[in-house]
Peer 1: 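Encoded as structure tokens, here's the structure I'll be asking about.
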Amino acid sequence: MADLNEDDDNESLSQILAELESLSLSSNPNPNSPPPPPLTEPALRSLLSLSSSGDAVSLLFLRLGELNLQISCLLSPLSSSMDSSSSSLSLLASRAYLSLLLSPSAPLFSLFTPLAFLSLLSSVRRFSLLASRAYLSLLLSPSAPLFSLFTPLAFLSLLSSVRRSMKSQPQAAATPPVSNPKGHPKGRRKRKELDRDDWRFERGGANLVESVLELLELALGKVPLDAAHDARKSLVETIVSVLELSGSNRISDLCFKILYGVVSRPEHGDQVNSAVEVLKNLTPLILLQVKSPLRTSVLGFVTGKIVPLGRENEKVRKALVYMPRFLACKAPEKSEPRAAAIESILEIVKVMEEEDQIGFVDYVVKMNEGKTNLRLLAVDLILGFFTSFADLFRLTDMEQESEECPALKCLKALIHRCDDSMGGIRARALTNLAHAIDILLRDANNCEELQDVVSAGHLGFKKLLRERCGDEKAAVRKGALLLITKSISLIGRPIDQVILRTMAAACSDSLVSIRKAALMALSEVYRRFPDDRVISEWLHAVPPLIADNETSIQDECESLFLELVLDRICEASKVSLSTDTVDLDSVFPEGILYLLKEICDGEVAPCVKKICANLGKKKKLKASIVVSLQNIISTSETLWLRSSMPIEKWVAPPGAWQLLSEVSLFTPKSVDWKFLHHHWKLLDQANPEEIKEDFDGQEADSFSWAGDRVFLLQTIANVSVELPPVPASELATNLLSRVENFNMNLNEVDAHVKALKILCKRKAVSSEEGHTLVLTWVNQLLTKAFKILDKYVTDIPESVKASTFLTPPSGRRKGKKEASASKSMLKAVTAVFTIGSLILICPSADLQGITPLLHTIITSGNSELKPKQLADFKVSVKEISPSLYIQSWVTMGKVCLIDDKLAKRYIPLFVQELEKSDCAALRNNIMVMMADFCVRYTALVDCYISRITIALRDPCEVVRRQTFVLLSRLLQRDYVKWRGVLFLRFLLSLVDECENIRHLADFLFGSILKVKAPLLAYNSFIEAIFVLNDCNAHSGQSETQGSLPNGARRFSIRGNDEKSRSQRMHIYVSLLKQMAPEHLLATSAKLCAEVLAAASDGLLSIDDAAGQSVLKDALQILSCKEMKIHQSRTSDSHEMDDEPGDSTGALQAARGRVVTHVAKKNLIQNAVPIFIELKRLLESKNSPLIGSLMDCLRSLLKDYKNEFEEILVADKQLQKELMYDMKKYENAKAKSTYDKVIASAHKSRSVLKEVNNGGELRTPPLGSMSVPKLKSATRDRTVAGVLESVRRRETFEFDDEN
């Protein structure tokens, strides 16, 4: 049998040698020649059979030497066979080659060549993992020639095989093979068989990958990679890709072991480079946006394996130190991925040595001065430092230099970023600074040191808050408000007035988030420092938010009012007087009495009323509030009586009765009837039977008692259901008798009438009975009031005649008559006011005779408007009794509110009186009535809106403000539309003399109108220029202003003086700020077409003052910075509130580029030709406007210096002039700046010289000084005190200068 095998081997050997010899003879020695033909299949089988025997293999290579055939003569055709397109031949050649390599007697180093090995890998590509495992097994064989088998190319093929298998595995595993039903039967069967084989193979792919990785880990223990840098790099990349694609924990563990081996073993090359390579490739996995198990495991590998290794190995530590910095540079710009990157960075830095942590902090502080994305990342990282490194970031160790304190460094960096040029970074820096301070304040040890840092002033903390609270960007203002909220304990008293007012103003911001932040910030200041200024600002800012459109703000407003106002007042429920108490302020907690006083403010009271109503409906009002208010009133009375003061002079603490009247409606059972009855009797004594004071100016105490009676009556009405029957009946009788006397203060009339109505309705058995009872006494009062009023009107002519033709009485007789007339007049005024109150509570009352009488009064002196039966009444009530005249108009307005027929007749009369009246009080009241008419009779009033708006230019500030507020409310509720002259007339409020009106106008145009009608400013801009200059050249201007006499003149700011021009420019700028970039571009085109082109074509006359003003305004508008269209402006509003790098920001930037391009095109094609024609016209007329035109052109073209020739191709002379002017302007500006610097330095040197000389600059004696004279009764004593204080002043010398 052995002889038979030897014969077979000899035969195979002869066949192989013969074929190799023939191939050698036919081969071309040229290296560029094509590869030799492959071996035949019989030769390959013979070679495979020979490789099983070591002796045969030895004999093969011996015979090759005898025939002068090199081993390459075998490897080349064998490689061609492995590269063959025939799969069977290729696999057979690969098997034969591998068998030869594994033969013990084969010349391994000669057989193993890169080309041959690559051919092998190519042939087994379909089964690459099997080939990889075979290769690794070969490498790990104890008898294998390790250094010959391992080559970089083979190793790279191995790694490529692993990567390829990992990419194909999930797809194969997820999608089972599906046959093609439309294919041919044979092809379909073959395809199905192949797919089935692939599927069978891939199902075991995971195990095969694990096997390959296990062998690879063992191979790395034997094979050094120090000389194969590319192989090491490819290995790291492959393992990381396997790690990324694998879903098996076992595979991940093997990958981490391989990577750890690459870093930890010096034989694989420089450990610094190895660690850098590994960490660099792991960076994308660490920066994954989504929190995945893979990201967690990679971070665990770095923090649990590499960091401990770095503590033992300086080279690894060196690479590890730079990893967080590399991650920071590679961190994405979008917000969510950036947040994940920051979390990863902090997790790595957290486990590093303290020295390395401080080094990274220094790097971040320096990064704080870098590009936009780096500055934003640094700001977020600094906050992470305060959160993660509590022990390192403390301010307790302030004995060190400030540069050595990481916490102080980071605080300075954040404060510095609060002034960043990018609004988004400013906002983030302020927000993070607020959170950092909040974190530091949690440690009591940091509080004192942080207080010293903030109060020292070298960080500019208060200045920062003042500037950022008024920042133009909403997100920045929000961040500043949050910073105030968190750092209020550090600011200390007194609170900066500017900051306080800015927070209060922010409560009316157009953005919901800003209002919420301001609400919380101001409330936090109130909690910490409840002094008078803070309480006042809080009450004027927070309670008005109860009318906010946002429900969440309303709820927060109610909660804060309950906490900071009502709950604080509840603290007075258990307060009692001691025997030695003298001052009322010392009895109650700090700020309660002032809080009650501020609630009485006219702007605060309506808001408090609505808040209490909302809280009462939600059943959040406690009985203790009522008890506290009763205790405050009773304690005040007791303390007053204890001081032996007359009870007639006692006044309850302001606001106590008012708040009690609001709260008692929802807590009627908590009010003590004995308490109410006692104080009603007490306050009733303040109503004298004879009113001696003048109606227009009563004593303060009497007026206060009248106000208290009003709120007491409202309280009684609120608790009327709980009143006993007998006291309720007595009270109703008392109220009716008081009203019948018609001698009350007008403020009390409504309260008495409403209380009487409520008492009747609640004590009646049925609603019909209550209505009948009310109607009975209402008609009774109307009859008496009519008689009083009619008698007074009838007696007026007689009194006028008596005073005209009779000798004036003198002495006591004159005093009695004057007192009687005054009393009669006051009674008539009260009667007419009572009529109005009765009409509103009972519209069905009988008004027979009252309406003609009111008509007589309001038309007295105008015979055209009187009825025939009253034509003989020629006395003007307006001159004799202005108060009666005004109240008659008010009552007539109330009558018209319930009678639409009368309203239709009298509304024109109201409008006429509004225009002609010289009484500001009457104009103000009529304006209020017109607002009510507009709600009730919208169609009737709409045609008079243009005449009503004249009140916006009323000489009285109160009337202007009232008109502005009322019309603004009507506009917001859509009772009045923004059309016609209304918008143009509202513009004048932007430059009103009253600062309060200007503030309201800025809020209306900048916040409300910008949202409600965003295109209004753009659509009316050109017309506004003509209207403000009182120029009729524009087509729409004459239509809007021509209907009213003097309407254009009254609502214009004509003139070329500095004040008029600045006011007009302020209005223009306010409108431009509301426009989007595309609207600015369109406005620029309209200015050129409708103003500049009109002027050059002669349609706009430049010979008169109005036309010149319009043209000059248009040139100034075109050159102002608000008209500039840059990319930064187009995305500015978005960029400040959103994160840089977000998709919306990219869209805004693209939009900005488009608009900028269109703006340049419009300038070249439309604007410049018009400017050239206009310049020629102005030059021909020697117009002074040529300077304004050149300034405008210079401003427009300064951004296009490189395109001058292209833009001004039609006028070379203009091109040269502009170039010369711009150069001259820049030189003059530079020279001016230089001269100022030189002058400042020269002045400083001269002052120092004079100070050093000493004798040349002395203070003159007091005798030679001109002391201002003080006009005072204590003049001599005051001047002497001033002079004495001057004499006692110490002198300060500078030792270093002397």
Side-chain angles (χ1 to χ4, degrees), residues 565-600 605 608 612 616 621-687 700-724 727-728 730-731 734 748 751 755:
V565 177
L566 299 183
D567 288 350
R568 287 174 63 85
I569 293 175
C570 288
E571 298 175 4
S573 59
K574 298 181 181 179
V575 173
S576 58
L577 282 173
S578 59
T579 55
D580 56 346
T581 302
V582 179
D583 186 15
L584 186 63
D585 291 332
S586 62
V587 177
F588 301 106
E590 179 187 3
I592 286 185
L593 295 180
Y594 185 80
L595 183 64
L596 288 172
K597 180 182 177 181
E598 286 297 308
I599 288 176
C600 300
V608 172
C612 291
L621 293 178
K622 306 174 186 177
S624 57
I625 300 174
V626 175
V627 176
S628 298
L629 292 172
Q630 292 179 158
N631 189 28
I632 291 173
I633 296 171
S634 301
T635 302
S636 172
E637 180 187 0
T638 303
L639 191 61
W640 183 271
L641 294 174
R642 181 184 293 180
S643 303
S644 301
M645 303 291 287
I647 192 63
E648 294 82 8
K649 297 289 185 179
W650 170 75
V651 178
W657 283 114
Q658 180 176 345
L659 187 59
L660 182 61
S661 66
E662 304 296 343
V663 175
S664 60
L665 178 63
F666 305 96
T667 57
K669 295 183 179 180
S670 303
V671 183
D672 185 8
W673 164 244
K674 294 181 179 179
F675 168 82
L676 295 179
H677 185 67
H678 165 71
H679 285 90
W680 171 251
K681 287 185 176 180
L682 182 64
L683 293 176
D684 193 36
Q685 298 174 5
N687 182 36
D701 289 343
S702 177
F703 184 79
S704 299
W705 280 53
D708 289 347
R709 278 198 299 267
V710 170
F711 297 122
L712 176 57
L713 279 173
Q714 184 176 340
T715 305
I716 293 174
N718 293 339
V719 302
S720 58
V721 178
E722 307 295 332
L723 295 182
E730 294 177 355
L731 179 62
N734 187 6
E748 299 180 75

Peer 1: What pair of heavy atoms forms the shortest contact from Cys612 to Leu621, and how long is it?
Peer 2: O-CD1, 3.6 Å
Peer 1: Over all heavy atoms of both residues, which pair between Ser670 and Val626 is shortest? Give the atoms and the distance, please.
Peer 2: O-CG1, 3.7 Å
Peer 1: Any heavy-atom pair between the side chains of Glu662 and Gln714 that's under 4.5 Å?
Peer 2: yes
Peer 1: Quick one, Ile592 and Pro653 - any side-chain contact, counting heavy atoms below 4.5 Å?
Peer 2: no
Peer 1: Find the distance between CZ (Phe588) and OG (Ser636) and round it off to the nearest 0.5 Å.
Peer 2: 7.5 Å
Peer 1: Would you call the rings of His679 and Trp650 parallel, tilted or perpendicular, taking 30° and 60° as the class edges?
Peer 2: tilted
Peer 1: Does any part of the side chain of Asp567, heavy atoms only, come nearer than 4.5 Å to the side chain of Lys622, both counted from C-beta?
Peer 2: yes
Peer 1: Within the 3.5 Å criterion, strictly below it, is a donor on His678 or Glu637 matched to an acceptor on the partner's side chain?
Peer 2: yes
Peer 1: Heavy atoms, side chains only, cut-off 4.5 Å: are Val671 and Gln630 in contact?
Peer 2: yes
Peer 1: Hey, is the main chain of Ser661 close enough, under 3.5 Å, to the side chain of Asn718 for a donor-acceptor pair?
Peer 2: yes
Peer 1: With the side chain counted from C-beta on, respond yes when Val565 and Ile599 share a heavy-atom pair under 4.5 Å apart, and no when they do not.
Peer 2: yes
Peer 1: Please give me the minimum heavy-atom distance between Cys600 and Pro654, naming the atom from each residue.
Peer 2: SG-C, 3.7 Å
Peer 1: Below 4.5 Å, heavy atoms only, C-beta onward: do Ile632 and Leu593 meet side chain to side chain?
Peer 2: yes
Peer 1: Which distance, rounded to the nearest 0.5 Å, do you find between the CD of Glu748 and the CG of Asp708?
Peer 2: 10.0 Å
Peer 1: Is there a side-chain contact between Leu660 and Phe675 in this structure, where contact means two heavy atoms from C-beta onward sitting under 4.5 Å apart?
Peer 2: yes
Peer 1: For the CG atom of Leu676 and the OG1 atom of Thr715, what is their distance to the nearest 0.5 Å?
Peer 2: 6.5 Å
Peer 1: Please tell me if the side chains of Trp680 and Leu712 come closer than 4.5 Å, counting only heavy atoms from C-beta onward.
Peer 2: yes
Peer 1: Is the backbone N or O of Cys570 less than 3.5 Å from a side-chain atom of Ser624, with the two atoms forming a donor-acceptor pair by type?
Peer 2: no
Peer 1: Do you know which two heavy atoms are closest between Asn631 and Ala572, and how far apart they sit?
Peer 2: ND2-O, 2.7 Å
Peer 1: When rounded to the nearest 0.5 angstrom, what distance separates CD in Glu590 from CZ in Arg568?
Peer 2: 7.5 Å
Peer 1: Could you walk me through whether Leu731 and Ile716 pass the side chain to side chain contact (heavy atoms under 4.5 Å, CB included) test, one step at a time?
Peer 2: CA-CA 9 Å; Leu731 179 62; Ile716 293 174; 3.0 Å; yes
